[in-house]
2 protein chains.
Amino acid sequence: MQFAQQQSVLPQERQQGRRQDNFLLEFAGLQRLRTYRPRQMVLNQGDCTAHILIIVNGWAEQTIQLADGRRQIVAFGLPGDLCCSDLSSRSRVEQSIMALTSLTVAIVGKLEFRTLLTGNARLSRSFWRNQMLSLSIQRRWTAILGQMDARERVAHLLCELYLRQEKIGAAVQGACSCPLTQTQVAEACGLTQVHTNRVIQDLRRRGLIELRTKRLVIPSLKEMMAVAQFDGSYLDLGDPEPTLAETRASQPA
Amino acid sequence: MQFAQQQSVLPQERQQGRRQDNFLLEFAGLQRLRTYRPRQMVLNQGDCTAHILIIVNGWAEQTIQLADGRRQIVAFGLPGDLCCSDLSSRSRVEQSIMALTSLTVAIVGKLEFRTLLTGNARLSRSFWRNQMLSLSIQRRWTAILGQMDARERVAHLLCELYLRQEKIGAAVQGACSCPLTQTQVAEACGLTQVHTNRVIQDLRRRGLIELRTKRLVIPSLKEMMAVAQFDGSYLDLGDPEPTLAETRASQPA
DNA sequence: GGTTCGGCCTAACGCAGGTGAATGTCCGAA
DNA sequence: TTCGGACATTCACCTGCGTTAGGCCGAACC
């Protein structure tokens, strides 16, 4: 099995200003690119692939589907994020990946990427930092789904999406894009679409969010974070700028 | 903040036969070891540490605590597993780590470990494989907590713990150890202790499990896996034995 | 202009699982 | 031999959320 059929190979316009070092994104911009239309599948659960993906533009969702058909969104991919990042040469992907918006990804052969990593400390550092971040987010989501009620879950998701966008310079003044349908929010939060709707309306009534036409506004991030018991430290790992002495050794180079 | 106080530095007896290559465990056996008593804290959420931990013997739990006190177990550490594996030199740990049994861990400075990784392809491969496995398990748990009901969750947890032990040669003939209290099962599954008890009794009544005095028996793993909709592929990543050509390049070495 | 389809919203009803509390059992320490 | 603490068990009661089933709107397409 391979990637879903190709749409275009033209390098896309570059991302706008990023607030954090994300060398991965810079790197990706120079690779072979592929674009997908909204709702187009990128990879299916169970496929094998010899490539890793780096999202350059747009959003993707990663879902796990159970035998009986129930689906859970386990991760959202934003620009700079990795997909199927297991570097074993041909590994089975454990989740389906679908474009949520128009999506541009860089496709890099795993073998090739591994050799690049050995030669490029900065890339290597970016890559492993990214992996750690994924794990950290995933752990947090385990806690959220295990302990929080519906309102907290939805609020937490929206906070996270806002802050992740802020990090890549895609959020300003409490506003960011949010190309998710309520059904997708539900699938990410482990709720039904009906109940998600109730919760969103409740958040709106309390003046905590505005959410319409793919746009999310959070008037008071502080209040919102209180509702969600949001503690953003899980999004900011380790040393953003390693010391000079470390630049060589830093992540396994 | 540092590791909880030390108990003993004697190298412990080695693990018994392992079914899978786990070089990490071999490696760990040669490092500085530390042991903890059951219920002893190893690290607290929010601590900074310049060390990674490799579990040599015993079980640990990793929990995330919310601001209001609710706790969720986000991972169980078995022999060969890593804790606080973020290699950034001094990173904050996002979860508390506590010994569930008498526990022996290897403590390795991150800086030191990084240099070891660069020089040792086999260690490096083991390490990154382990990281990928953690992520894979965590993703799966996101799906479990988001989609499954109580019985499925508990059954899935028990299947996973059984198979993970089988992998390291700690399960035979459908029997393995399970040093968890019902409260801990509950904290891992996002349920209350009361309801977890109901579910366990139900599983017992159906003859799916025997569970008493820290011992778990699964008479028919097949039936159990059916109840849990268990698909073990998430526990077996990538190439167990990379080709010769790859041994050098394989994981970022 | 009608039809279809995706997305949002609403309402009535029922149940899985939470809550709170009491009781039982085992076991190690004094 | 008794005491206390950790765990398991059971009960009565309640509620957050799922389920089912609809209605409304706008966009895309004939």
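Residue numbers start from 1 in every chain, and the chains themselves are labelled A, B, ... in the order their sequence lines are given, proteins ahead of strands.
- We find that CG of A:Asn197 is positioned 12 Å from C1' of C:dA11, with the value rounded to whole Å.
- Taking a cutoff of 4.0 Å between a charged side-chain nitrogen and a carboxylate oxygen, A:Arg198 and A:Asp202 do not qualify as a salt bridge.
- The aromatic rings of A:His156 and A:Trp141 stand perpendicular to each other, their planes meeting at an angle above 60°, with 30° marking the opposite boundary.
- Protein atom CD of A:Gln201 is 11 Å distant from nucleotide atom P of C:dC8, rounded to whole Å.
- Under a 4.0 Å N-O distance rule, the pair A:Asp236/A:Lys167 qualifies as a salt bridge.
- Atom pair A:Gln182:CD and C:dT10:C1' shows a separation of 12 Å (rounding to whole Å applied).
- Atom CZ in B:Arg205 sits roughly 12 Å away from atom C1' in D:dT9 (whole-Å rounding).
- Atom CG of B:Leu211 is separated from atom C1' of D:dC7 by 12 Å (rounded to the nearest Å).
- Spacing between atom CZ of B:Arg212 and atom P of C:dC27 amounts to 13 Å, rounded to whole angstrom units.
- A straight line from CG of B:Leu180 to P of D:dA6 spans 18 Å, rounded to a whole angstrom.
- At a threshold of 4.0 angstrom between heavy atoms, the contacts of B:Arg204 are confined to the sugar-phosphate backbone, with no base atom among them.
- In this structure, a donor-acceptor pair under 3.5 Å is absent between the side chains of A:Gln65 and A:Ser96.
- The CG atom of B:Leu145 sits 19 Å away from the P atom of C:dA16 (whole-angstrom rounding).
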- Item | Per-nucleotide protein contact string for nucleotides 11-18 of chain D, where B marks a base within reach and S marks sugar-phosphate only (heavy atoms under 4.0 Å, - for neither) | BB----BB
- Should A:Gln165 and A:Ser177 be marked as a side-chain hydrogen bond (donor to acceptor under 3.5 Å, both in side chains) after you check the CA-CA gap, both sets of side-chain angles, and the distance that decides it? CA-CA 8 Å; A:Gln165 288 185 84; A:Ser177 69; 3.1 Å; yes
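- Under 3.5 Å, the side chains of A:Asn197 and A:Gln193 contain no donor-acceptor pair of N or O atoms.
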